[in-house]
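A short write-up of the structure that comes next.
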Protein chains: 2
Amino acid sequence: MNMQAFSKQVGLSAYTLRYYEKIGLLKNIRRNASGHRSYSNKDREWVGFIVRLKETGMPLENILQYAELREIGKGTLVERQQLLEQHQAYLTRHIALQLSHLEALESKINWYKSNKMN
Amino acid sequence: MNMQAFSKQVGLSAYTLRYYEKIGLLKNIRRNASGHRSYSNKDREWVGFIVRLKETGMPLENILQYAELREIGKGTLVERQQLLEQHQAYLTRHIALQLSHLEALESKINWYKSNKMN
DNA sequence: TTACAAGTTAGAGTTCCCTCTAAGTCAATT
DNA sequence: AATTGACTTAGAGGGAACTCTAACTTGTAA
């Protein structure tokens with residue numbers, strides 16, 4: 001799969017995909033005869049996971065850490081699990097915070113609604 | 001209330017508080033005889049709301065928009081309510097997304113857990 | 001009365017995460 | 001043979017949100 005199609009599929013610009021490769025988040029992307037990148041299904045899965053981590057607020061540096069452990073292989077399974085569990089804890093806290101913010105926002109909106117009839 | 005104490009209370013650095021003033025997010029902060037800022041309870045409430053909006057992912061530019069409407073006065077109640085309702089919708093979607101990400105993360109963690117016994 | 005802490009300003013610097021530019025290559029079409 | 005379009009690279013540029021520096025003032029305490 002070429003750059004353009006892959007970019008559309010994963011929702012990242014070609015610039016961003018090259019950037020992720022530059023910083024080491026993506027490795028060993030296959031090239032075709034003319035030197036163009038050719039993305040595989042494995043690449044799609046991996047980028048999908050990167051996007052998930054990113055969308056939940058994990059900085060690229062931390063994702064990179066995970067990526068490097070993954071690169072090393074089976075010996076790092078425990079460490080990777082720990083990283084994800086830490087992030088899970090963070091995300092759980094984050095969601096709780098967002099929910100409380102949503103409540104506060106709703107009560108502010110209700111204040112506006114009741115103030116309309118003044 | 002002076003800079004230092006206020007900074008601690010609202011959880012923003014003195015730098016950030018000055019920066020917010022510079023970009024117009026904070027206005028008419030009282031000054032004492034020696035020209036130092038003196039924050040009021042109203043200021044604390046307003047900064048608290050700014051922080052809430054910021055923590056739920058609203059860009060400063062949008063918060064500034066709300067701030068400017070607020071500055072104008074009662075005539076902008078409807079507009080402000082609309083802004084908040086848009087943000088409420090955004091936040092609701094955001095939380096739903098985060099929850100789905102959390103689920104996916106948990107199933108990934110479970111995969112790690114079951115792979116331990118290989 | 002000199003030292004120190006806490007403030008002030010304008011403006012420069014930093015971090016994160018892209019995003020774009022310039023110059024070039026390659027394969028397919030006209 | 002020339003044009004088109006999608007790619008390639010290294011490295012520059014950009015926006016958001018701070019964060020810090022330098023030079024200065026002011027009030028308190030020793």
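Below, read A as the first sequence line, B as the second, and so on, with proteins coming before strands; counting in each chain starts at 1. These numbers come from a predicted model, not from an experiment.
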Can Gln81(A) and Glu85(A) be counted as having a side-chain donor-acceptor contact under 3.5 angstrom?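 A donor-acceptor contact under 3.5 Å links the two side chains.
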
Return yes if a side-chain donor-acceptor contact under 3.5 Å exists between Gln82(A) and Gln86(A), otherwise no.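 Absent: no donor and acceptor within the cut-off.
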
Check ring-ring contact (aromatic ring centres under 6.0 Å, His included) between Phe49(B) and all other residues, then give those that pass, not counting sequence neighbours.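 Residues passing ring-ring contact (aromatic ring centres under 6.0 Å, His included) with Phe49(B): Tyr66(B).
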
Between [X] and [Y], is there a donor-acceptor pair closer than 3.5 Å when you use the side chain of the first and the backbone of the second?
X        : Y        : result
Trp46(B) : Leu25(B) : yes
Ser40(A) : Asp43(A) : yes
Gln98(B) : Glu55(A) : yes

Without decimals, in angstroms, what is the distance between [X] [atom1] and [N] [atom2]?
X        : N       : atom1 : atom2 : answer
Asn32(A) : dA6(D)  : CG    : P     : 15 Å
Leu12(B) : dC18(D) : CG    : C1'   : 11 Å
Tyr19(A) : dG14(D) : OH    : P     : 17 Å
Ile63(B) : dA16(D) : CD1   : C1'   : 12 Å
Met3(B)  : dT19(D) : CE    : P     : 13 Å
Ile29(A) : dT8(D)  : CD1   : P     : 11 Å
Tyr15(A) : dT9(D)  : OH    : C1'   : 13 Å
Asn62(B) : dG15(D) : CG    : P     : 17 Å

Span of DNA chain C in contact with chain B (heavy atoms, under 4.0 Å):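 On DNA chain C, the outermost contacted nucleotides are dA6(C) to dG11(C).
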
For [N] and [X] - does any side-chain N or O of the residue sit under 4.0 Å from the phosphate oxygens OP1/OP2?
X        : N       : answer
Arg18(B) : dA17(D) : no
Lys54(B) : dC18(D) : yes
Asn2(A)  : dC7(D)  : yes

Let me know, please, whether Ser34(B) or Met58(B) comes out on the 5' side of the other along DNA chain D by nearest nucleotide.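 The residue mapped nearer the 5' terminus is Met58(B).
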
Judged by each residue's nearest nucleotide on DNA chain C, which is more toward the 5′ side, Arg31(B) or Glu61(A)?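 The 5'-side residue here is Arg31(B).
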
Which residue lies toward the 5' end of DNA chain C, His36(A) or Tyr20(A), if each is placed at its nearest nucleotide?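 Result: Tyr20(A).
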
Ring-ring centroid check His94(A) His94(B), cutoff 6.0 Å: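 Distance test on ring centres: under 6.0 Å, yes.
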
